[in-house]
Amino acid sequence: MPHTFPKAERLSGKKAIDRLLRCARYGHVEGIKYAYAPDSGQTQNRLLVSVPKRLFKRAVRRNLLKRRIREAYRLQKELLPPGGVDLLLTYDSREMLPFARIREAVAAILTEVASRTSHPGV
RNA sequence: CGGGUAAGACGAUCUGCCGCGCCGCCUCUCGGGGCGGUGAGGAAAGUCCGGACAGGAAAGGGCACCCUCCUGUGGAAAGCACAGAUGGGAGUAAUCUCAUCCCGGUCGUAACAGAAAACAACCGCCGCUUUUUUUUCCGGUUCGCCGGUUUUUUGCGGUAAGGGUGAAAACGCGGGGUAAGAGCCCACGACGGUCGUCAGCGAUGGCGUCCGGGUACGCCGGGAGGGCCUGCAAGACCAAAUAUACUGGCAGAUGAGGGCGGCCCGCCCGAUGCCAGGGGGUAGGUUGCGUAGAUAAAUGGCAGAUUCAAACACAGAAACCGGCUUAUAGUCUUACCCUUUUU
RNA sequence: CGGGAUGUAGCGCAGUUGGUAGCGCACUACGUUCGGGACGUAGGGGUCGUCCGUUCGAGUCGGAUCAUCCCGA
């Protein structure tokens, strides 16, 4: 699997986001809250990244954190097999976490979501 | 050498791997793929001014309301820039910084302190008057006193020099003058103004001349110039689903259609129902939009090298343009100032 | 993104032509009561969001800055 992140893998549009939030199941690891909803009808997974303004007032810092989260997802996306899963990652710390910590957190989230969506009976 | 002032520039570069937005070309199994190009700032920020652009309102003009206010030049304009003028303030200095139209008003304020905060009054000083003289002194004496002077006291008047408080005290100094005093008068100086002249495009300044005498701040009025309101979430276009103005067709009180559990019967409610066209209009999309131009929003991650004390300043375009203000590690250039040392 | 508004005691608010910063509730002490509440008396508590400027003197006037809140598809 190539480590790419094209436009089709980005979650956009008001209806798609409404569907995700309405059907979402939530979780939390260190520094990041996440929500996911399977069976979006798409063949690939889609990702939405958010860093609240109330945590970081400066746009430069929000942009940097969003880029780090996206990069962490791009490099580790094989942990979550493609199957129409929509995923929302929301930053949830007042500290600027370094890239290594964010990568670990995203890996944990992807592993957890993959186990729950691909083996629903377990 | 060190410290400082002013003006200006930069505020990372390169290599490897992976990755992103937009544009062009090629390929294509129409999902995509390949190649090339391009891709954040000096403030992109705050939203403090101005302009374009867009919509709304409006015959024209005035009042009201709001903003601006020394001079010249630049500029589309600006609470803009540059250069200057006058008067303060900071600094040893280079230099920085603040203020600024004109005229008027029985206009207001000046806390505390102080006699008084600008009208005056009070203490004091001076003149006249009254009173007290058992109590100062001098002169005259008919030895009873008389006149003057001094002290005390009453009233009237003159005066703003003195009152040392305050952030601020009614031009300064010298002389004359007076009962005592005062710009009351005079000389010099300071301040404000008239006129003349010279310099300057001008604000203004120099010189001469004559005149004047209560300060500071604020408020209100006057003059000149400018200003309609709202803002890209403005505005324009395309346009699902649902409801529907309007038009046409069909069915319909001889019951269309709906409800009672899916069908039949039965019961109940009952005048519109179905189809097609169609305008406005919502979600959504396109445009507005730019040789960066997205639409949940692109410049990043990892490793290394370089100059190096350190690559860790402030900070991310969302419609555009000209300014202002604020944040900013560090580096460089030019001019100048100060201190110390050396020559 | 574009428009607005507000910061004063623990909380809610006053505070005009600049001159000792106040009110209500709350708090502390005392009184009252067998005890508590209520009531009465007395008292404490303030970088007036922050930094400059004007002034002899700013909560107040003029700038800048920070924070919070509201409105607009």
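Quick note on labels: first sequence line is chain A, next is B, and so on, each numbered from 1.
Across the C1' atoms, B:U165 and B:A111 are found 15 Å apart, a figure rounded to whole Å. B:C10 sits 42 Å from B:C26 when the C1' atoms are compared, rounded to a whole Å. On the P atoms, B:A310 is 13 Å away from B:U331, given to the nearest whole Å. Spacing of C1' atoms, B:G114 relative to B:A170, comes out at 16 Å, to the nearest Å. Separating the C1' atom of B:G127 from that of B:G176 is a span of 23 Å, rounded to the nearest Å. With C1' as the reference atom, C:G3 and B:U47 are 11 Å apart, rounded to whole Å. B:G227 and B:C63 have their C1' atoms separated by 16 Å, with the value rounded to a whole Å. Look at the P atom in both B:G108 and B:G91: the space between them is 40 Å, to the nearest Å.
Base-pair partner of B:U159: B:G124 (Watson-Crick or G-U wobble, both distances under 3.5 Å). Summarising the base pairing, C:U68 is matched to C:A5 through a Watson-Crick or G-U wobble pair whose two defining distances lie under 3.5 Å. Checking B:G248 for Watson-Crick or G-U wobble geometry (two distances, each under 3.5 Å) identifies B:C275 as its partner. For B:C25, the paired base is B:G34 (Watson-Crick or G-U wobble, both distances below 3.5 Å). Summarising the base pairing, C:A38 is matched to no nucleotide, lacking a Watson-Crick or G-U wobble pair whose two defining distances lie under 3.5 Å. Checking B:C10 for Watson-Crick or G-U wobble geometry (two distances, each under 3.5 Å) identifies B:G330 as its partner. In a base pair of the Watson-Crick type (N1 to N3 plus N6-O4 or O6-N4) or a G-U wobble (N1-O2 and O6-N3), with each distance short of 3.5 Å, B:A93 is matched with no nucleotide. Nucleotide B:A298 is matched to nothing when pairs are restricted to Watson-Crick or G-U wobble geometry with both distances under 3.5 angstrom.
Across the interface with RNA chain B, nearest-nucleotide mapping of A:Val60 and A:Leu75 shows A:Leu75 to be the residue nearer the 5′ end.
A continuous path of ILVMFWY side-chain contacts below 4.5 Å connects A:Leu64 to A:Val106, so both sit in one hydrophobic cluster.
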* For the pair A:Leu110 and A:Leu87, evaluate side-chain contact (heavy atoms from CB on, under 4.5 Å) and give the outcome as yes or no after the intermediate values. => CA-CA 9 Å; A:Leu110 291 179; A:Leu87 182 63; 3.9 Å; yes

Review point. Going through the distances and angles, do A:Arg70 and A:Arg74 end up as a side-chain contact (heavy atoms from CB on, under 4.5 Å)?
Key: CA-CA 6 Å; A:Arg70 272 201 300 270; A:Arg74 182 179 70 77; over 6 Å; no

Q) Checking side-chain contact (heavy atoms from CB on, under 4.5 Å) for the pair A:Ile69/A:Ile102: CA distance, chi angles, key distance, verdict? A) CA-CA 7 Å; A:Ile69 293 172; A:Ile102 292 176; 4.0 Å; yes

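Rounded to whole Å, the distance from NZ on A:Lys66 to P on B:G316 is 13 Å. Distance A:Asn63 CG to B:A44 C1': 12 Å, rounded to the nearest Å. Atom CG in A:Leu65 sits roughly 13 Å away from atom C1' in B:G300 (whole-Å rounding). Following rounding to the nearest Å, A:Arg62 (CZ) and B:A296 (P) show an atom-to-atom distance of 17 Å. Rounded to a whole Å, the CG atom of A:Leu47 is 13 Å from the P atom of B:A298. Rounded to whole Å, the distance from CZ on A:Arg103 to C1' on B:A303 is 12 Å. Separating the CD1 atom of A:Ile69 from the P atom of B:A296 is a distance of 18 Å, rounded to the nearest angstrom. For A:Glu71 and B:U299, the CD to C1' distance is 12 Å, given to the nearest whole Å.
The glycosidic torsion of B:G259 lies more than 90° away from 0, placing the base in the anti range. Nucleotide B:A110 carries an anti base; the chi torsion (O4'-C1'-N9-C4 or O4'-C1'-N1-C2) is more than 90° from 0. A glycosidic torsion no more than 90° from 0 defines the syn conformation; B:A115 lies beyond that range and is anti. Glycosidic conformation of C:G7: anti, with the torsion beyond 90° of 0. Base orientation at B:G79 is anti, since its O4'-C1' glycosidic dihedral falls outside 90° of 0.
Salt bridge present: A:Glu112 and A:Arg116 bring a charged side-chain N and a carboxylate O closer than 4.0 Å. Residues A:Arg101 and A:Glu104 are not paired through a salt bridge, judged by the lack of any N-O separation under 4.0 Å between the basic side chain and the carboxylate.
Of all nucleotides listed (B:A317, B:G301, B:C18), B:A317 comes nearest to the side chain of A:Ala59. Residue A:Phe99 has its side chain nearest to B:C302 when only B:C302, B:A40, B:G19 are considered. Checking B:C18, B:A297, B:G316 against the side-chain heavy atoms of A:Arg70 singles out B:A297 as nearest.
For B:G316, the base has a donor-acceptor partner in the side chain of A:Arg67 [N/O atoms by modelled type, under 3.5 angstrom].
The OH atom of A:Tyr91 sits 4.5 Å away from atom CG of A:Leu65, with the distance rounded to the nearest 0.5 Å. Interatomic distance, OH of A:Tyr26 versus CG of A:Leu88, reported as 8.0 Å (0.5 Å rounding).
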